[in-house]
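Here's the structure we're looking at; comments come further down.
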Amino acid sequence: MHLYGTQQVNSQGHLTIGGVDTLTLAQQYGTPLFVYDVALIRERAQGFVNTFKKLGVTAQVAYASKAFSSIAMYQLAAQEGMSIDVVSGGELYTALQAGVVPSTIHFHGNNKSLAELEMAFEAKIGCIVVDNFYEIETLKQLAKNRQQQMAILLRVTPGVEAHTHDFITTGQADSKFGFDLNNGQADEAFLQTYQDEYLQLLGMHCHIGSQIFDTVAFGVAGEKLVDKMAKWKETYQFTCRVLNLGGGFGIRYTEEDKPLAPQVYVEDMIKVVQKKVNEVKLTMPEIWIEPGRSLVGDAGTSLYTIGSHKTVPNVREYIAVDGGMSDNIRPALYDAKYEAVIANKADQAATETYTVAGKLCESGDKLIEDAQLQQAEAGDILAMFCTGAYGYAMASNYNRVARPAVVFVEDGQHQLVIARETYDHIIANDKALTLKKG
Ligand code: PLP
């Protein structure tokens, strides 16, 4: 069994996180429950932030809050000296409610509404990452009407797509996001913005993939963007102050995943970018990155109560838990793999093979196929590891299931940060039928 962060097995054979018995958490807050190891989040954040400091590179580490957005999470990110990346009015609203300093917020998205952009201007956020020509037009108009400055980055697709250990480079990226760096779109976006009276072009952004375990692709993308910066400098005497290389740093879900430490990603990235910058005789830009999963993914553990058990003779043993695709859609959506342990039997050998099913009305609602687990009985608590990113964030009310509670643990303390939804929350927006029959 692989333990993450502060996880341990105590003398009772129970899994603990942050010095807190997961059985106590399950009892006090109920299940399904998301438990976040705050010390691990801080460690990862410091890994990124302090490496830039050590290297003397001006940087912003922006937490990609799509991975897990909540008021307490934004406050934790801010405590650790991170900026915040939001992708919707809802995330922006939550960040502002959390008291995040607006100038540290970056706003992403390929179809931001006018209302969302107005909200960003109103709050005076730090930067809008511009995705397409329609947005340039909308922003120019909005900034002019409001007579308000706004810093922007151009999101470009460099034709580098990274997947775990591999990456491909293509002349053109088939992506719904950003301006193509290779076919003239990025140059056109530059020409439309760099002299604007109100939009202040800071530089470029790219995001090349997720679950990346190698640093080479970041370097290749960085070099391509620096080349473009050099061209704009030479042709238009324009200096890009910021190079944002996005997120995508991988984590361990199963033993097949071999992640690198934050320090390694940053050091390798800086080495390549600095070399390229020297080569083309530019000054080193500020480097911004946007880790999401690598900050919160393996810091999150889902606790479920095991209920029914079904044997399909000679085929499979199912155990079912009290959550499923409504709190973790990733197995159904991406065939994502996870590991788990029976939290109250964590000191026992994992002798059984079970398929862990959810409780939702979909045959595909399986959380783990062929999990190696301790002997399971109804009432046991299943701890599923590494559910902190894109789990709660993608949760739904399918089957009118209430979304779970979320708890932060650190140094023996625990705190509810998102309350469990109730049936009243579920019907809160419903209206009774007023149409008359016939
Ligand atoms: N930045 C951008 C633009 C993204 O689209 C994403 C993820 O989709 C991220 C950052 C965060 O990626 P990850 O959670 O893999 O670090």
Side-chain angles (χ1 to χ4, degrees), residues 36 40-41 44-45 47-49 59-69 73-74 77 80 82-88 91-92 95 104-112 126-132 135 152-158 160-165 167 173-179 181 203-215 217-218 221-222 225 242-253 257 259-262 264-266 269 287-300 328-330 333-334 336 386-394:
Y36 281 86
L40 182 54
I41 300 175
R44 288 285 160 70
F48 287 113
V49 172
Q60 282 194 39
V61 178
Y63 168 53
S65 67
K66 72 200 79 177
F68 170 59
S69 169
M73 185 58 221
Y74 286 120
E80 293 306 317
M82 288 189 281
S83 302
I84 301 292
D85 149 12
V86 300
V87 295
S88 70
E91 286 184 359
L92 175 55
T104 65
I105 300 177
H106 313 162
F107 194 177
H108 271 280
N110 69 312
N111 194 21
K112 305 174 190 83
C127 165
I128 292 178
V129 185
V130 183
D131 197 273
N132 51 66
E135 188 178 348
I152 61 165
L153 286 181
L154 297 177
R155 177 167 182 168
V156 302
T157 46
V160 178
E161 276 174 49
H163 314 273
T164 55
H165 297 287
F167 71 95
D174 180 8
S175 166
K176 74 169 183 174
F177 295 109
F179 303 99
L181 195 64
M204 267 182 281
H205 166 282
C206 72
H207 173 78
I208 56 172
S210 62
Q211 270 296 77
I212 304 170
F213 295 127
D214 197 305
T215 58
F218 289 105
L225 268 61
V242 174
L243 171 61
N244 186 330
L245 290 171
F249 314 106
I251 63 163
R252 183 197 184 283
Y253 285 98
D257 303 325
L260 301 170
V264 179
Y265 287 109
V266 173
M269 204 181 253
I287 305 295
W288 295 5
I289 56 168
E290 297 166 337
R293 187 189 316 270
S294 53
L295 289 167
V296 293
D298 51 350
N328 190 348
I329 190 78
R330 295 188 69 256
L333 195 59
Y334 310 125
C386 283
T387 58
Y390 309 103
Y392 189 90
M394 288 190 176

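In listed order, ligands and their atoms are each counted from 1.
By the 3.5 Å distance cut-off applied to N or O atoms, His108 is not counted among the residues near ligand 1. Where the criterion is an N or O separation shorter than 3.5 Å, residue side chain and backbone included, Gly292 meets it with respect to ligand 1. Taking only nitrogen or oxygen atoms, main chain and side chain alike, Arg293 reaches within less than 3.5 Å of ligand 1. Polar contact with ligand 1: absent for Arg155 (N/O pair, distance under 3.5 Å). Between Ser294 and ligand 1, no N or O atom pair is found at a separation short of 3.5 Å. In terms of polar-atom proximity, Gly248 is counted as a contact of ligand 1, with an N or O under 3.5 Å from an N or O of the ligand.
Residue contact check: Ser210 has heavy atoms under 4.0 Å from atoms 15 (O) of ligand 1. Each of the atoms 3 (C) of ligand 1 lies under 4.0 Å from some heavy atom of His205.
Looking at heavy atoms from C-beta onward, His207 lies in side-chain contact with Arg155 at the 4.5 angstrom threshold.
In this structure, Arg330 is not positioned above the aromatic face of Tyr390 in the sense of NZ or CZ being under 6.0 Å from the six-membered ring centre and within 45° of the axis.
Contacts of Ala64 with ligand 1, taken as heavy-atom pairs under 4.0 Å, involve the side chain alone.
A salt bridge links Glu135 with Lys112: at least one charged nitrogen is closer than 4.0 Å to a carboxylate oxygen.
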